[in-house]
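No hydrogens, no waters, no symmetry mates; every other heavy atom, side chains included, goes into these values.
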Amino acid sequence: MLRFRQVHLDFHTSGLLSVGDSFSKEQFQSALKAGHVDSITVFSKCHHGWSYHPTTVNEMHPGLDFDLLGAQLEACKEINVNAPVYISAGFDEKDYNSHPEWRWIRSENKDSISEYDTEAHFHLLCFNTGYLDKLCAEIEEVMVKYAPCGIFLDIISPKICFCTNCLSDMKKLGLDKNNRKDLEKFSIITFNKYADAVNAAVRRHSDTATIFHNSGHIPKGDHSFINKNTHLELESLPTGGWGYDHFPLSAAYVRTLEDKEYLGMTGKFHQSWGEFGGFKHPNALIYETSLSVANGAGCSIGDQMHSLGEMNMSTYSLIGKAYSLIEEKEPWLTAAENIADIAVLSAEAITGNRDSKADIGANRMLLENKYLYNFIDETADLSEYKMLLLPDVPGISNEMLGKIKAFIDRGGKVIASGESIVKNGEFLLDTGASYKGENEMSPTYFVPCFDTENGNTAYIMRCKSYIIEEKGCECVAIRQDPYFNRTREHFCSHMHAPNNPESSAAGAVINGNVAYIAWDIFTAYAKLGHLSFKELFAYIADRMLQDNVSAKAELPDRAVMTLTRQKNKNRRIMHLLFAHTTVRGEHTEVIEDTVPLYNVKCSVSCQKAPSAVSLVPSGEKIPYEYKDGKAFFTVPEVNIHQMVLIED
């Protein structure tokens, strides 16, 4: 099993610096102990291209005069800390400069190539060159000399390349360099060649070593990529551009994959990788590591070691404040599986767009409304879910459509939006309405047929809308058009024309187990975040689920609720999290102050009355009432993270 309290120790060190002069095995161990660290990824080779140990296949860092990697591995072994070994694969600045024939060429535009070459950053190499042979030799050298527990390869993903080798091999395969699909096809061929060669290099020397190819993103639905790894590490530094809702989205997909353990990777930095002297407030790391375990993941915190080799004790004091708490919680984390009521068919898995706004918007709505959910691809089993969400984008396969119809026949509920169930101008599911095409008017308005926070009025919908005609379904939202679209000849006020009440038509309908929303509502929520978008979705979801949910908690929108089960111990654990976030500087969202929540009312569905409900790890029993198949209880306080144990 992966360990829960890991550190990813970056060490990308210029050849102009002296290395390891202040390294001490005892000081290294003291830092790990202070941080409550039980696994740390240490460097064989960095992005600059230097090895941090004696080598016959590469060059040792010119500022290093001893085996730093070996000393770190020995130090870890003595205190029972795992130590996977990092090898930079995509970047190698030294080889980029000395072997121009190995370079990744991103364009046939010579000006673009020249500009890329002169920029002050790391540069990529192409795996369809002799570089791959050298990389495999570097890996095998580490495997033979150190027998590490794992290998971490960095900066890995299929990339279109215009180097001489790639263009020549594409031509041999009958692929056209001017055809984007052919270029993408060959990039995947090259990636698979790389991954197969690297995995074989590891497996020639170990059947048990972990292997992870880091691309900074786990592509939903791409099982070919996923299966190249023994486990997954979900890189998600909230302050580094990812934001605090990124990790829950990634984890909500990865946890559906069978036999794949995973880590949530954040950082100790104020912002992101490569930052010396940047620190988070301890409350931020406490929240981020708690968010990882609440979503079924282990934890990994990114650090960067000074070139002199001395571990920064302020960093490990900071890490220890978070990991000491994770260590206490581990009995309720081991072999815990997340429970989900709702499955979301990922738009990324259908379209291949890793930044799909439909997925982002759906994730935010579900998080903020405290639903229990997973993101899935078309290979998923739907039998454990109560509801399926199909957000905005078209492209459902015939096989998946069959699974969806069978799900509906078994009583499963479906909410579709936009063009998700449209093909050849018709609905694929019985919505009780007919599809008439995309609406030319924009923006449109939503008028609810139910109570909302601001009452029954027209709410702006700045997104694509679709014309539907009712045929015996229930209309729960009206669509109204503006009087006219905004043009030079026809415009009104600063932004858009008001709603035309005479244009009223169906905007969202429910027909038995199927609901349809005639807007790209999830994409729009990701971009604009209007309250009315979320209210429309939540009304439909609550109507269809009819309180048939596994858990509820009265929490503010920024709070998080998850529910896990430890089958081997016949118990469930509710995770409640809340942290106040604020924007510092221009775009950095941070956590500093704790804002406790008090007397949080919760319920968990149970087949029978629990034997006990208690707060963990403190063990404090709390009273509960069992009624109508649910255990109702009140959590006295949530200070960043509180777990509640429900014992069968």
Item checked: Donor-acceptor side-chain pairing of Asn511 and Tyr516 below 3.5 angstrom -> no
Check: Would you say the side-chain atoms of Asn439 pair up with the backbone N or O of Met441, donor to acceptor, closer than 3.5 Å?
Finding: yes
Check: Are Lys464 and Thr523 linked by a side-chain donor-acceptor pair shorter than 3.5 Å?
Finding: no
Checklist line | Over all atoms of both residues, closest heavy-atom pair of His270 and Glu275 | finding: N-OE1, 2.7 Å
Checklist line | Phe247 vs Pro238 side-chain heavy atoms within contact, under 4.5 Å | finding: no
Checklist line | Pair Ser157, Lys159: side-chain N/O donor-acceptor within cut-off below 3.5 Å | finding: yes
Margin query: If you count heavy atoms of other groups shown closer than 6.0 angstrom to NE2 of His223, is the number above 12?
Written below: yes
Margin query: For the residue pair Gln480 / Tyr459, report whether a side-chain donor-acceptor contact shorter than 3.5 Å exists.
Written below: no
Notebook entry, point to check: Is the closest side-chain donor-acceptor distance between His246 and Glu235 under 3.5 Å?
Noted result: no
Check: Are Phe191 and Phe225 an aromatic pair by the rule of ring centers under 6.0 Å?
Finding: yes
Check: Would a 4.5 Å heavy-atom cut-off, applied to side chains only, mark Glu368 and Lys534 as touching?
Finding: yes
Item checked: Glu589 and Arg558 ion-paired at < 4.0 Å -> yes
Check: Crowded around Phe450 CZ? As in, over 12 foreign heavy atoms under 6.0 Å?
Finding: yes
Next item on the list: Answer yes when Arg584 and Glu592 have at least one side-chain N-carboxylate O distance shorter than 4.0 Å, and no when they do not.
Entry: yes
Check: Between Ser605 and Lys630, is a side-chain hydrogen bond (donor to acceptor under 3.5 Å, both in side chains) present by the stated rule, with each step listed?
Finding: CA-CA 4 Å; Ser605 295; Lys630 296 180 185 292; 3.2 Å; yes
Item checked: Sidechain-backbone polar pair: Asp182 side chain, Lys177 backbone, donor-acceptor under 3.5 Å -> no
Note to self: Between Asp359 and Ser346, is there a side-chain donor-acceptor contact under 3.5 Å, judged purely by atom types and distance?
What the structure shows: yes
Check: Any salt bridge between Asp481 and Arg479, counting N to O under 4.0 Å?
Finding: yes
Notebook entry, point to check: Going by atom types alone, do Tyr371 and Asp542 pair a side-chain donor with an acceptor below 3.5 Å?
Noted result: yes
Next item on the list: Scan side-chain atoms only and decide if Tyr445 and His496 contain a donor-acceptor pair under the 3.5 Å cut-off.
Entry: yes
Notebook entry, point to check: Do Thr594 and Tyr287 get their side chains close enough for a donor-acceptor pair, meaning under 3.5 Å?
Noted result: no
Notebook entry, point to check: Are Phe632 and Tyr624 near enough that their ring centres are under 6.0 Å apart?
Noted result: no
Check: Do the ring centers of Phe537 and Phe522 come within less than 6.0 Å of each other?
Finding: yes
Check: Once you round to the nearest 0.5 Å, how far does OG1 of Thr379 lie from CD of Glu399?
Finding: 9.5 Å
Check: Quick one: does Glu637's side chain get under 4.5 Å of Gln642's, heavy atoms only?
Finding: no
Margin query: When you compare the side chains of Thr588 and Gln271, does any donor N or O come within less than 3.5 Å of an acceptor on the partner?
Written below: yes
Next item on the list: Give a yes or no on whether a salt bridge exists between Arg180 and Glu184, defined as a side-chain N under 4.0 angstrom from a carboxylate O.
Entry: yes
Checklist line | Heavy atoms of other groups near Asn599 CG, more than 12 under 6.0 Å | finding: yes
Notebook entry, point to check: Are Thr444 and Trp519 linked by a side-chain donor-acceptor pair shorter than 3.5 Å?
Noted result: yes
Margin query: Is it the case that the side chains of Asp392 and Ser417 hold a donor-acceptor pair, with the cut-off being a distance below 3.5 Å and no angle test?
Written below: yes
Check: Less than 4.0 Å between a side-chain N and a carboxylate O, is that true for Asp381 and Lys403?
Finding: no
Check: Please walk me through it: do Ile226 and Ile218 pass side chain to side chain contact (heavy atoms under 4.5 Å, CB included)?
Finding: CA-CA 7 Å; Ile226 290 167; Ile218 306 302; 4.1 Å; yes
Item checked: Close side-chain approach of Leu577 and Ile640, heavy atoms under 4.5 Å -> no
Checklist line | Donor-acceptor under 3.5 Å (Tyr626 side chain, Cys606 main chain) | finding: yes
Item checked: Short N-O contact, Glu288 and Lys280, less than 4.0 angstrom -> yes
Notebook entry, point to check: Can we say Lys220 and Asp377 salt-bridge, meaning some charged N sits less than 4.0 Å from an Asp/Glu carboxylate O?
Noted result: no
